[in-house]
Amino acid sequence: MTEPSEETTAARSRAGSASDQDRSERRLTRRGWTLLVSGALFVVFALVGFFIPVPYVAISPGPTYDTLGKDAAGQSVIQVNGHEVFQTSGELRMTTVSLRDGGITLFNALGLWASGRFALAPREEYFKPGETNEQVRQENIQQLQDSQTAAQVAALRRKFPVKVLAKTIVSGSPADKVLAPGDRLIVVNGQTVKEATDVRAALNGTKPGQTVQITFKSDGQAERTVPLTLAQRPDGPEGFMGLTAVDRADVPFDVKISLQDVGGPSAGLMFALAIVDKMEPGDLAGGRHIAGTGEISEKGVVGAIGGISFKVVGAREAGATDFLVPAHNCAEAKTAAPDGLNLIKVSTLDEAIAQLENLKAGRPTASC
């Protein structure tokens, strides 16, 4: 047997040292691991930021529509058939808010927010759990239709009488199968019905089980008087007929509001003003570019709305110089109003008309 020489041993030793050095070089340092993990986390964050949607909606100023003008199809927004229409000038613009939903990722949201034109809000503030975009759209359309009806009643009752109709009938109630939605209520419990609030007032002091007389008229039929035995009211001690009543204009002509692709109740005030401007002499807008917003009741009370900070921006961008603001929205409107936009505080339709007359005459207007 031959003993290894010193040269052979030294060579092996050098080879072993080189192999240990190679393994050491291939082994990552703590800094290397930190960089590797950080890089992987960055890639994951980037993928999430670019592709995973977040549960937020983006809100921004929406388009405006001149209620004295025409819709996208070329039809007058306010159409009056069977009654004199007066010449108008200027604009009465309703304002909207745009709501962007779906497909908003984290990076999208940050970019929208940084632009200064959008605000972000939790989706649950605008959509009920399980509610689809289509369901929300249908609700908005119904709200718009209700606001148009309220605007017509509020505007026309200034010069014309109103009638009271049954709006809904509670199934299984005393009124069920006796009256129908659309029936005109004339007398309830001996009291003449002149507006919807008279129906509830006529039952004050009655008791469940008491019989009262109701005079009403169905479309195309003669008046009828029938007895109704009252039930227990769920929200009070009085007797209960089981119907809701609404005011409607009692006029021999038609007023139609034509506007597509918008929804919600906040256009009521501007619809009502446009009807008044067309049906009464005086030219309310007076050649000015006026915008505004506000839900309106059938009695002409102007209610607060949402998104006022975006609506004042959209109005100014559309060229408006004056903006009608519901009184309860004044504080928020002041913080967001662009330069050159005069804010006018209103609480009722009559007040809004008076303020526009002041504006046209050069008199001071009620400021927010």
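Values reported hereafter were calculated over all heavy atoms of this structure, with side chains retained and with hydrogens, waters and symmetry mates removed. All residue numbers refer to positions in the sequence shown, counting from 1.
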Is there a side-chain contact between Pro161 and Asp250 in this structure, where contact means two heavy atoms from C-beta onward sitting under 4.5 Å apart?
yes
Do any N or O atoms from the side chain of Glu195 and from the backbone of Val199 form a donor-acceptor pair under 3.5 angstrom?
no
Can you give me the closest heavy-atom contact between Thr95 and Gly292, atom names plus distance?
OG1-O, 3.2 Å
Could you report the tightest heavy-atom contact between Ser258 and Gln75, atom names first, then the distance?
OG-CB, 4.2 Å
Checking the side chain of Lys278 only, and the main-chain atoms of Ile78 only, is there a donor and an acceptor separated by less than 3.5 Å?
yes
For the residue pair Val77 and Met94, establish whether any side-chain heavy-atom pair is separated by less than 4.5 Å.
no
Run the salt-bridge test on Asp350 and Arg158 with the 4.0 Å N-O cut-off and return the result as yes or no.
yes
Is atom CG of Asn81 surrounded by more than 12 heavy atoms (other residues, nucleotides or ligands) closer than 6.0 Å?
yes
Return the CG to CD1 distance between Leu99 and Ile59, rounded to the nearest 0.5 Å.
6.0 Å
Just by distance, do the side chain of Asn329 and the backbone of Ile305 share a donor-acceptor pair under 3.5 Å?
yes
The reported gap from CG in Leu68 to CD1 in Ile290 (rounded to nearest 0.5 angstrom) is 9.0 Å
Ser89 side-chain N/O to Gly287 backbone N/O, donor-acceptor pair under 3.5 Å
yes
Give me the atom names and distance for the closest heavy-atom approach of Gly264 to Ser147.
O-OG, 4.0 Å
Can you tell me if CD on Gln87 sees more than 12 non-hydrogen neighbours from other groups inside 6.0 Å?
no
Counting only heavy atoms not in Asp235, do more than 12 sit closer than 6.0 Å to its CG atom?
yes
Please determine whether side chain to side chain contact (heavy atoms under 4.5 Å, CB included) holds for the pair Val226 and Thr215, giving the CA-CA distance in whole Å, both sets of side-chain angles, and the decisive distance to 0.1 Å.
CA-CA 7 Å; Val226 299; Thr215 301; over 6 Å; no
When hydrophobic residues are tied together by side-chain contacts of less than 4.5 Å, even through go-betweens, does Leu359 share a cluster with Leu269?
yes
For the hydrophobic clusters of this structure (ILVMFWY residues joined by side-chain heavy atoms under 4.5 Å, transitively), does one cluster hold both Val162 and Ile296?
no
Identify, with sequence neighbours excluded, every residue that meets side chain to side chain contact (heavy atoms under 4.5 Å, CB included) alongside Thr244.
Lys167, Thr168
I would like to know whether Arg157 and Glu298 meet salt bridge (charged side-chain N to carboxylate O under 4.0 Å, His left out); could you show each step before the answer?
CA-CA 9 Å; Arg157 76 189 306 156; Glu298 292 164 350; 5.8 Å; no
Show every disulfide bond (SG atoms under 2.5 Å apart) that has at least one partner inside residues 160-201, sequence neighbours left out.
none
So, the side chain of Gln210 versus the backbone of Lys207: is there a donor-acceptor pair under 3.5 Å, distance only?
yes
Interatomic distance, CZ@Arg224 vs CG@Leu179, rounded to 0.5 Å, equals 7.5 Å
Residue Lys334 excluded, over 12 heavy atoms near NZ under 6.0 Å
no
Show your reasoning for whether side chain to side chain contact (heavy atoms under 4.5 Å, CB included) applies to Val212 and Leu230.
CA-CA 7 Å; Val212 298; Leu230 302 177; 3.8 Å; yes
Partner set under side-chain hydrogen bond (donor to acceptor under 3.5 Å, both in side chains) for Glu91, not counting sequence neighbours:
Arg93, His289
Would you please name every residue forming a salt bridge (Lys or Arg N to Asp or Glu O under 4.0 Å) with Glu223, sequence neighbours left out?
none
Please determine, by modelled atom types, if Thr88 and Asp283 share a side-chain donor-acceptor pair under 3.5 angstrom.
no
For the side chain of Asp277 and the backbone of Leu284, is there at least one donor-acceptor N/O pair under 3.5 Å apart?
yes
With no hydrogens and no angle check, just 3.5 Å: does a side-chain donor-acceptor pair link Asn358 and Thr365?
no
Before you tell me yes or no, could you show the steps for Val187 and Phe216 under side chain to side chain contact (heavy atoms under 4.5 Å, CB included), namely the whole-Å CA-CA distance, both residues' side-chain angles and the distance that decides it to 0.1 Å?
CA-CA 7 Å; Val187 179; Phe216 66 98; over 6 Å; no
Thr348 side chain to Glu351 main-chain N or O, any donor-acceptor pair under 3.5 Å?
yes
Between Ser173 (side chain only) and Ile169 (backbone N and O only), is there a donor and an acceptor less than 3.5 Å apart?
no
So, applying side chain to side chain contact (heavy atoms under 4.5 Å, CB included) with Leu273, which one of Leu324, Thr67, Val346 is it?
Leu324
What do the steps show when you test Leu203 against Arg233 for side chain to side chain contact (heavy atoms under 4.5 Å, CB included), and what is the final call?
CA-CA 11 Å; Leu203 297 180; Arg233 177 175 292 280; 4.1 Å; yes
Looking at Lys217 and Gln221, would you say the former's side chain and the latter's main chain have a donor-acceptor pair under 3.5 Å?
yes
Taking the side chain as every heavy atom from C-beta outward, state whether Val255 and Met279 have any pair of such atoms under 4.5 Å apart.
yes
Whether Thr206 side chain and Gly239 backbone form a donor-acceptor pair below 3.5 Å:
yes
Tell me whether the centres of the aromatic rings in Phe160 and Phe253 are closer together than 6.0 Å.
yes
Heavy atoms, side chains only, cut-off 4.5 Å: are Val302 and His328 in contact?
no
Could you note down all residue pairs passing disulfide bond (SG atoms under 2.5 Å apart) where residues 328-368 supplies at least one of them, sequence neighbours left out?
Cys330-Cys368
To the nearest 0.5 Å, how far apart are CZ in Phe271 and CD1 in Ile257?
5.5 Å
What I'd like to find out is whether the side chain of Glu134 reaches to under 4.5 Å of the side chain of Arg137, using heavy atoms alone.
yes
In Å, rounded to the nearest 0.5 Å, how long is the span from CG of Leu243 to CG of Asp176?
10.5 Å
Within residues 310-324 or reaching into it, pairs that qualify as side chain to side chain donor-acceptor pair (under 3.5 Å) - sequence neighbours excluded:
Arg117-Glu317, Ser266-Lys311, Arg288-Asp322, Thr293-Lys311, Asp322-Asn342
Over all heavy atoms of both residues, which pair between Ile214 and Asn189 is shortest? Give the atoms and the distance, please.
CD1-N, 4.5 Å
Atom of Ser98, atom of Pro61 and distance for their closest heavy-atom approach
OG-O, 3.8 Å
Taking atom CD of Gln143 and atom CD of Gln138, what is their separation to the nearest 0.5 Å?
12.0 Å
Minimum side-chain heavy-atom gap Val312-Leu343 below 4.5 Å:
yes
